[in-house]
Structures are given as C-alpha cells and as structure tokens.
Protein chains: 2
Amino acid sequence: MPSDTDAAPRAQARAELLVVALEQFAVDGYHATSLQQIADRAGYAKSNVLYHFGSKEGLLNAALSAAVDDLAALVDTFPRRGAGVDPREFVERFVDYLFAHRLEVVLIVNQGQSLADVPVVDRAMAVIARLALEICSEDASIAEQLRFGVALAGAAYTLVAGRTILGGTLEPEDGDAEARTALVDILAELLAPAARPLG
Amino acid sequence: MPSDTDAAPRAQARAELLVVALEQFAVDGYHATSLQQIADRAGYAKSNVLYHFGSKEGLLNAALSAAVDDLAALVDTFPRRGAGVDPREFVERFVDYLFAHRLEVVLIVNQGQSLADVPVVDRAMAVIARLALEICSEDASIAEQLRFGVALAGAAYTLVAGRTILGGTLEPEDGDAEARTALVDILAELLAPAARPLG
DNA sequence: ACAGGGGCTGACCGATCGGTCAACTAGCGT
DNA sequence: ACGCTAGTTGACCGATCGGTCAGCCCCTGT
C-alpha cells in the first residue's frame, strides 16, 4: 500500500519516539511514564522503543544528551570573573538555551535529584554545579547562591509549568519574543553582581 | 517484652508514616516512591500504611492537606490592591511559610502538573493560581507573570533541590536565618511593583 | 476471666512494569 | 531468484506495583 494516511510519510521512528518520550517525561515525570504510553502515543509497539534505545534509561539518555552537550558548551563561554564583562550577553544566550531546550531543562530541574543515578542526568547536574560556581565564585554568600537558584529554577519552571498554572498554553511561539526579553531582564537583575544594592 | 529497643517509644504510627512519606514523595517523586519503601523506612508493614490511609493517594492527601490549608489561609491575608501597602510584610510571611512547609511546596511545585488529578493537589494549584492573580492583577503583563513564576518556583526550588546541587545539606536549621533574610530581599525585589525600574 | 476491638501483619491478588525473544516483513545488493 | 539485514511486532517473562483479606497481638471495659 502507498503510505498515504500515515501521519509522517517515512520519518525516522527514532526521532518520533524521542519527541514523544521527551514531552511525556518532562510533563508527566520519568517514573510516571511507561514505555507502553510512549509507544502508543507515537504509534509503534513497545518492543520497537526497546529495539531503538535498548532500555528506558537509554531512551532518557538519548532524549537529554544533546541538550546537556549544548549546556556544557554554553557554560564554557561564561565570561571570566576578572574582566568586568557585562553578563547580559551571557544571560541572553542562557535564556535562548532555555527556550530551545525547555522540556529538557524542566525535566532535569524538576526530577534531577531523583534521577541522579542516571549518567546523563548526573552529567547535567555537574554542568549546572559548574555554572553555579562560576556565577557565584568562591566567596559564595548564601544570598549569592539563593539568587542563582531562584534564577535558574524560576526561569525553567515558568517556561513550562508556570504557564499551565496561569492557564496559558504549552506550545512555543505564543509570546516567546516578549517573554524572552522580560526573562532576560529578570535574570540579569538577579545575577548581575554589580547592579545590586548590596544590603 | 518491654518496649526498650524501639526507636520511638509509642509514637503514633500515622505521624511517623506521614513524615517518611512526605520526604520520600518530595525527594524521590510520588510515582517513584512505593508504599513498600515508605513502610520499610518507617519500620512498618506495607499493609499498615494502607490501613491508616486507605490508599496511596489518601497518604498523599494526608501529607499535603495541612500545608494546603495553611497556604489558602495565607493567601487570604494578601493585602488589597487598592491600598498601597508595602508587600514586604506579606513576603516575609510567605517566606516563613516556605520554610515551614518546604517539602510540601517542593512536591507541589515540581510534580503538581503530573498529579493534577489528585484532589488535594488540584486544590493547591487553585490556591497558587489565586495568589498569582492577586499579585499580578488583571493587567497581567507577561513580565508580571514571569516575575511571579520565577519568584515562587525559584524560592521553592532553592529551599530543597538547590541545596543538593550546590552540595549543601537538606536539613533545616543550617543557615536558615540568613537564608530567610536573603530570600525575603529577593522575593520583595521580584514582586514589588513599585520599586521596579519599569524598563 | 473474658469478650471485643483497634493496631498491625503476612499471604495473596490482578495489573502493569521494563525487558527478552522468535518470527515476520520489506528493501537491497548480487 | 536468492539470501541478508534492519525495522517492527506480539507473545511471553519475572518482578514489582497498589490493594484486599483473614487473622494475630494486646489493651481495655466490664
């Protein structure tokens, strides 16, 4: 038969499964999502998921590794502490990263600690810890740490879960341009060590 | 035999189970936590958990209902929009609430959307939505919504998960006094509509 | 002394989990 | 026409899940 009624003409099953799995993992939670659900929603058999990814953990790894790689590369570009570089440019790139990988970020931020034994998640946590150390260097007052945590988790959360609470949609492209600008302002305000009143 | 080697002399099993379940739900996730784990960690049989709470969902409800009630009562005290009341006093009470119920807050914020069908969680989400509407009233620019989301989720996250990322402990009483002051400053800065540069 | 009942438990249940395996299908080089 | 291989599937597995149930222990009222 000619593949006519098929939703995707002949797209890679791997890619389709990755999209479905990532969204399901991020929204419903990794442990609350079964391979059967992912397979059903993508229109394949459960066996096929395990054929492509070996295991449920392999599927999670495949769904996150690219985003973790990008984050590691982004952290490498963090401006050195010595130079009084305006961190706004870095913040903009960071926010762009959040928008590009919102599902992966929400997954790691929300479920990271319960998935710490998964290698890719552990790698992600290590990268985040490195970023935290670079932002609030060795002085690391509690206020500094709090500002970093509030900024990271708050930004990640509002990109997905916050919209559902406030009744918004979850799809991109809604008011992302305006949201991006506003989020850059908020994060720059939270992270910039210079423009702070320093109580 | 005299109850000598017993860890707790004759404390209510209900209360012990609630403590263990709440921590396990918040840290590992609701779906990733089995009744067997909770029972084992508390030193009881799994049947006893179901005897006291009827079901796993009943256990979650019992673990969260008090915190949700307190949050609803707190939101009721939110100062009216008309009066130009300094919101700092409310923020202080809000931060105190976060510290008092940190595990419950983290559970709801992190797993709320995947537990939306549970009545107590749905009630909690409704209360949070009400607070959001009161803070950023009908004008509700995207920037306002983002500030609220960043503040709530960021504060909740840093109270538990953020500490683990930065290598801190999870127990209270560490530097809570300093953290409380710093968090009040950050939230007041994020939520106060007056003291904002209004770019 | 003796019923009675709340607290608690182990044995057990059906359902579902992640994972394995043999078999089937389609395309492709020869 | 012939294998060969990659992609896909349903049947099946042991383990574990949340939940039920009969019964045991022990305290208490009478």
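Because only heavy atoms are used, hydrogens play no part in the values below, and waters and symmetry mates are left out as well, while side chains stay in. Bear in mind that the values here come from a model prediction, so they are computed numbers and not experimental data. Quick note on labels: first sequence line is chain A, next is B, and so on, each numbered from 1.
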Output all residues satisfying side chain to side chain contact (heavy atoms under 4.5 Å, CB included) with B/A32, sequence neighbours left out; order by chain, then residue number.
A/H31

Contacts of type side-chain hydrogen bond (donor to acceptor under 3.5 Å, both in side chains), residue B/E57, not counting sequence neighbours
none

Starting from C1' on C/dG7, measure out to OH on B/Y44 and report it in whole angstrom.
10 Å

Output the rounded distance in Å from NZ (A/K46) to P (C/dT20).
11 Å

May I ask you to list the residues of residues 48-62 of chain A, by number, that have any heavy atom positioned under 4.0 Å from an atom of DNA chain D?
A/N48, A/Y51, A/H52

Which residues pass the side chain to side chain contact (heavy atoms under 4.5 Å, CB included) test with B/A72, sequence neighbours left out?
B/V127, B/R130

Under the salt bridge (Lys or Arg N to Asp or Glu O under 4.0 Å) definition, can you give me all pairs with a residue in residues 115-124 of chain A, not counting sequence neighbours?
A/D69-A/R123

Could you work out, with side chain to side chain contact (heavy atoms under 4.5 Å, CB included) as the rule, every residue matching B/R41, not counting sequence neighbours?
B/V20, B/Q24

Return the value, rounded to whole Å, for the distance between atom CD1 of B/I38 and atom P of D/dT16.
17 Å

Minimal heavy-atom distance between B/E16 and B/A42, with the atoms involved, is OE1-O, 4.1 Å

Can you pull out the residues from residues 29-36 of chain A that lie within a 4.0 Å heavy-atom distance of DNA chain C?
A/T33, A/S34, A/L35

Pairs in or reaching into residues 101-122 of chain B: which pass ring-ring contact (aromatic ring centres under 6.0 Å, His included), with residues at least two apart or in two chains?
B/Y97-B/H101

Kindly write out the residues that satisfy side chain to side chain contact (heavy atoms under 4.5 Å, CB included) with A/L50, not counting sequence neighbours, or none if the list is empty.
A/L35

